[in-house]
Chemist: 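First the structure, then my questions, so here it is.
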Amino acid sequence: MALPTPDTLVPGDRLGVLRNITTADGATGDLAVVEGTVSTAVDDLAGTSGVDATGWMSLPPLADMHAHIDKAYTWEMAGRPAGSLEDAVACWQRFGARLTEEQITTHARRALMAALRAGVTTMRTHVNFHEGVDPLRGLRAVVALRAEFSGLVDLQVVAMHGHLHEDDLIREAISRGADLLGGAPHLSPDPIAEMDRTIALAEEAGIGVDLHTDETLDPHSLDIVHLSRITAHWPADRTRSAGHCVSLAVQQPEALTEVLATAAAAGLSIITNPLTNLYLQGWENPVSTPRAIPPLRAIREAGIALAAGGDNVQDPFNPLGNGDMVDVAAALVIAGHLSPAEAWQVSSAGRSLLGLRPAAGEHGDVADMVLVRASSIAEALAERAPDRVVVREGRVVATRRLSTATVDIDTHAPKEITV
Ligand SMILES: [Zn+2]
């Protein structure tokens with residue numbers, strides 16, 4: 001009897017043995033799931049049952065390490081704005097007070113579902129201190145969703161204050177469940193003082209930070225150096241992440257080497273957000289428009305943990321984000337010049353920043369994976385892997401499938417396409 005295939009899997013199914021599946025290294029063989037863990041032991045692979053995964057790959061699940069789900073799907077509501085980071089920030093300041101907690105919950109839940117069905121099982125989202133009265137309404141909404149998506153998407157919440165917010169409000173955000181402190185010090189009049197304040201508050205609470213860092217093409221903006229120095233003494237497992245780091249893209253080689261060595265020695269991690277920075281930067285340069293993506297290979301070669309984020313989902317900062325890290329990984333290849341395999345690795349690397357068990361498909365790894373119908377990572381990225389099965393601890397938690405059909409030109413009857 002023919003074995004079932006990944007096409008027939010539905011959420012709730014538990015995987016046994018995946019037959020003839022291709023893994024990230026390009027090898028094809030059998031892979032077993034035993035009590036939520038990957039096994040390649042001969043005994044576990046014995047027998048002839050399981051799922052026939054011919055033509056499918058098992059890849060590490062994706063990790064969106066820089067999201068803003070509290071702002072998602074607001075581009076239309078905000079009046080379809082266009083423009084730079086400064087334009088988007090100004091738009092948000094005009095518009096954001098209108099956003100209610102209920103709207104934030106609806107938008108953020110939709111963004112989490114978009115991520116989950118795409119194969120994102122780990123996410124770090126920043127949450128604004130929202131405009132208008134009750135600035136912590138976004139945080140409350142997202143903290144509630146963190147519980148709602150427990151077991152599906154491991155969600156880490158970053159409370160992102162502005163320089164005008166009082167210390168006590170920031171302390172309240174921490175007490176209400178923020179995992180990390182954030183902020184965008186380069187947007188404040190005194191970035192150094194703002195970073196010092198954030199770090200002091202994080203130390204007081206014993207939590208880590210993830211700051212929007214140097215999101216500008218001004219080469220003089222190197223807040224990453226100060227952030228490295230003031231967190232270098234932290235315990236190794238306390239998060240200090242620098243998001244964006246756009247100005248690294250415009251450093252002279254010697255300066256870049258020095259900055260990266262300082263960041264590496266401090267245990268800093270860098271989160272790149274190629275889609276948003278391709279969109280937000282460079283408006284002032286209509287010719288020779290810069291890409292605004294930091295030097296990814298140099299960052300990795302310096303020994304710095306590099307992860308990636310989708311950043312904005314159809315909001316004033318990027319009208320076209322969609323929560324799918326496969327699009328981000330594709331951009332890391334096209335605009336960031338990583339290989340497809342490197343791009344997938346960077347796009348799934350975030351789970352290690354959360355201290356989660358490895359999910360690389362190796363023997364003993366947790367059986368979290370995304371199955372894609374493709375013969376290589378390059379094909380998966382090129383075609384955006386339309387067919388995916390998302391698996392956590394060996395159990396299918398989400399599926400998405402592309403269905404195509406056309407018409408028979410003579411009979412006018414629908415015609416299935418098989419390729
Ligand atoms: Zn951001």
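One-based numbering, in listed order, for ligands and for the atoms of each.
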Chemist: Kindly confirm whether the Zn ion (ligand 1) is within less than 2.8 Å of some N/O/S atom in H126?
Modeler: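 Looking at H126, which is the residue asked about, there is no N, O or S atom under 2.8 Å from the Zn ion (ligand 1).
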
Chemist: Quick one: sort the H165 and F129 rings into parallel, tilted or perpendicular, breaks at 30° and 60°.
Modeler: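 Correct class here is tilted.
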
Chemist: Looking at the Zn ion (ligand 1), which N/O/S atom of H212 is the nearest one?
Modeler: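 The H212 atom nearest to the Zn ion (ligand 1), restricting to N, O or S, is NE2.
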
Chemist: With a cut-off of 2.8 Å, does H68 place any N/O/S atom under that distance from the Zn ion (ligand 1)?
Modeler: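 Yes.
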
Chemist: Among R300, R297, E342, find the one that has a side-chain contact (heavy atoms from CB on, under 4.5 Å) with L306.
Modeler: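 Filter result, single survivor: R300.
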
Chemist: Flag the pair H161 / H163 as yes when their ring centroid distance falls below 6.0 Å, and as no otherwise.
Modeler: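 No, too far apart.
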
Chemist: T276 pairs by side-chain contact (heavy atoms from CB on, under 4.5 Å) with which of V328, V246, L85, N312?
Modeler: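 Answer after filtering V328, V246, L85, N312: N312.
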
